[in-house]
Amino acid sequence: MTHRIILFRGMNTGGVRAPVGEQRAMAEAMGLKNPRTLLASGNLVVESDRDPAGLETDIEHEMERRFGVKVAAMVRTSEQWAELIAANPFSAEAADQPSKMVAMVMKDGIKAGALEACRALAEGGEAVEAVGDVLYFWFPNGQGESGIFKKATPKNLGMGTGRNWNTVLKLGQMVGV
């Protein structure tokens with residue numbers, strides 16, 4: 001069996017609640033092995049050989065059935081996670097200040113024009129690059145002060161979920177990357 005990283009969009013924010021213990025129990029009931037969570041913000045790691053796309057659909061259905069919430073799930077293999085880490089165009093910045101670097105994993109790819117829209121919203125040295133299905137953001141003044149995150153929406157970007165670089169690396173450690 002190989003690892004699967006499951007990222008939930010908006011977990012434990014904006015009214016979307018599913019306690020981590022119950023998320024692990026749900027994963028076990030679905031036949032997923034060794035479920036582990038990181039923080040309470042929608043990071044679940046399991047062992048499974050299931051196809052990531054099919055697992056996304058099954059997880060989303062089970063989250064709605066068990067918890068009554070519609071939440072988008074993005075599933076990545078450990079190999080995909082290693083590629084995400086290696087592709088970081090802001091690696092020097094992330095090494096120095098990992099909390100100011102965000103990787104946004106997109107569910108169905110990056111919406112056409114999203115990169116240009118983010119760049120137009122950038123303020124104070126902010127930067128964004130796209131690699132594959134990931135938008136990489138550098139927020140030198142922090143994400144909370146970001147012109148991009150104050151104004152960008154899923155409507156302009158597509159469906160995705162962001163994790164700061166500390167979380168990205170911790171998830172990588174959990175799957176042996």
Side-chain angles (χ1 to χ4, degrees), residues 2-14 16 18 20 23 27 32 35-48 50-63 69-91 93-94 98-119 121-122 126-139 143 146 148-149 152-177:
T2 59
H3 290 98
R4 301 287 185 258
I5 295 172
I6 304 166
L7 306 174
F8 296 108
R9 183 179 185 279
M11 183 62 66
N12 292 330
T13 63
V16 178
V20 293
Q23 290 176 40
L32 304 171
R36 294 147 351 253
T37 51
L38 175 64
L39 307 170
S41 55
N43 306 295
L44 177 63
V45 174
V46 299
E47 293 174 17
S48 173
R50 294 179 60 187
D51 170 65
L55 183 55
E56 278 182 8
T57 300
D58 292 346
I59 288 276
E60 289 171 349
H61 289 303
E62 192 63 14
M63 288 292 287
V69 296
K70 285 189 174 216
V71 61
M74 278 122 298
V75 177
R76 298 296 182 267
T77 65
S78 54
E79 293 82 12
Q80 290 171 312
W81 206 253
E83 291 169 8
L84 179 152
I85 291 171
N88 181 358
F90 306 114
S91 58
E93 293 89 340
S99 66
K100 294 182 177 184
M101 162 68 217
V102 172
M104 180 176 278
V105 178
M106 305 305 286
K107 185 167 181 66
D108 297 313
I110 299 167
K111 190 172 182 177
L115 182 61
E116 295 77 12
C118 287
R119 286 179 175 159
L121 297 171
E126 295 174 341
V128 60
E129 294 293 338
V131 180
D133 66 350
V134 180
L135 286 168
Y136 295 87
F137 295 91
W138 168 242
F139 300 115
Q143 186 175 344
S146 167
I148 297 171
F149 267 43
T153 66
K155 184 177 177 183
N156 354 55
L157 301 180
M159 180 60 66
T161 187
R163 299 296 184 271
N164 78 32
W165 204 246
N166 288 316
T167 300
V168 167
L169 294 178
K170 286 176 187 173
L171 287 166
Q173 290 171 348
M174 292 175 73
V175 299
V177 171

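Predicted, not measured: the structure shown is a model, and the values here were computed from it.
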Taking all non-hydrogen atoms of both residues into account, name the closest pair between [X] and [Y] and its distance.
{"X": "F137", "Y": "C118", "answer": "CE2-SG, 3.9 Å"}
{"X": "I110", "Y": "V134", "answer": "CD1-O, 3.7 Å"}
{"X": "I85", "Y": "G172", "answer": "CD1-CA, 4.4 Å"}
{"X": "A130", "Y": "L115", "answer": "N-CD1, 3.9 Å"}
{"X": "D133", "Y": "G109", "answer": "CB-CA, 4.3 Å"}
{"X": "A94", "Y": "W165", "answer": "CB-CD1, 3.5 Å"}

Item to complete: Only one of V128, V102, N164 passes side chain to side chain contact (heavy atoms under 4.5 Å, CB included) with F139; say which it is.
Response: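 Among V128, V102, N164, the one that satisfies the side chain to side chain contact (heavy atoms under 4.5 Å, CB included) with F139 is V102.
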
With [X], which residues qualify under side chain to side chain donor-acceptor pair (under 3.5 Å), at least two apart?
{"X": "Q143", "result": "none"}
{"X": "E79", "result": "T77"}
{"X": "E126", "result": "S146"}

Value rounded to 0.5 Å, distance of [atom1] in [X] from [atom2] in [Y]:
{"X": "M159", "Y": "M74", "atom1": "CE", "atom2": "CE", "result": "7.0 Å"}
{"X": "L55", "Y": "E60", "atom1": "CG", "atom2": "CD", "result": "10.0 Å"}
{"X": "S48", "Y": "H3", "atom1": "OG", "atom2": "NE2", "result": "11.0 Å"}

Discussion item. List the residues meeting salt bridge (Lys or Arg N to Asp or Glu O under 4.0 Å) with E129, not counting sequence neighbours, and say none if there are none.
Written reply: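 Partners of E129 by the salt bridge (Lys or Arg N to Asp or Glu O under 4.0 Å) criterion, ordered by chain and then number, come out as R119.
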
Worksheet item: Does E56 have any salt bridge (Lys or Arg N to Asp or Glu O under 4.0 Å) partners at least two apart in sequence or in another chain, and if so, which?
Response: R76, K107

Check whether any side-chain heavy atom of [X] sits under 4.5 Å from a side-chain heavy atom of [Y], and report yes or no.
{"X": "M174", "Y": "I5", "value": "no"}
{"X": "V46", "Y": "I6", "value": "yes"}
{"X": "Q23", "Y": "F8", "value": "yes"}
{"X": "R163", "Y": "V105", "value": "no"}

Worksheet item: Can you list the steps and then say if L32 with L44 is a side chain to side chain contact (heavy atoms under 4.5 Å, CB included)?
Response: CA-CA 11 Å; L32 304 171; L44 177 63; 5.8 Å; no

Discussion item. Can you list everything that forms a ring-ring contact (aromatic ring centres under 6.0 Å, His included) with Y136? Sequence neighbours excluded, please.
Written reply: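 For Y136, no residue satisfies ring-ring contact (aromatic ring centres under 6.0 Å, His included) once neighbours in sequence are set aside.
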
Fill in: Side-chain donor or acceptor of T37 paired with backbone N/O of V45 under 3.5 Å
no

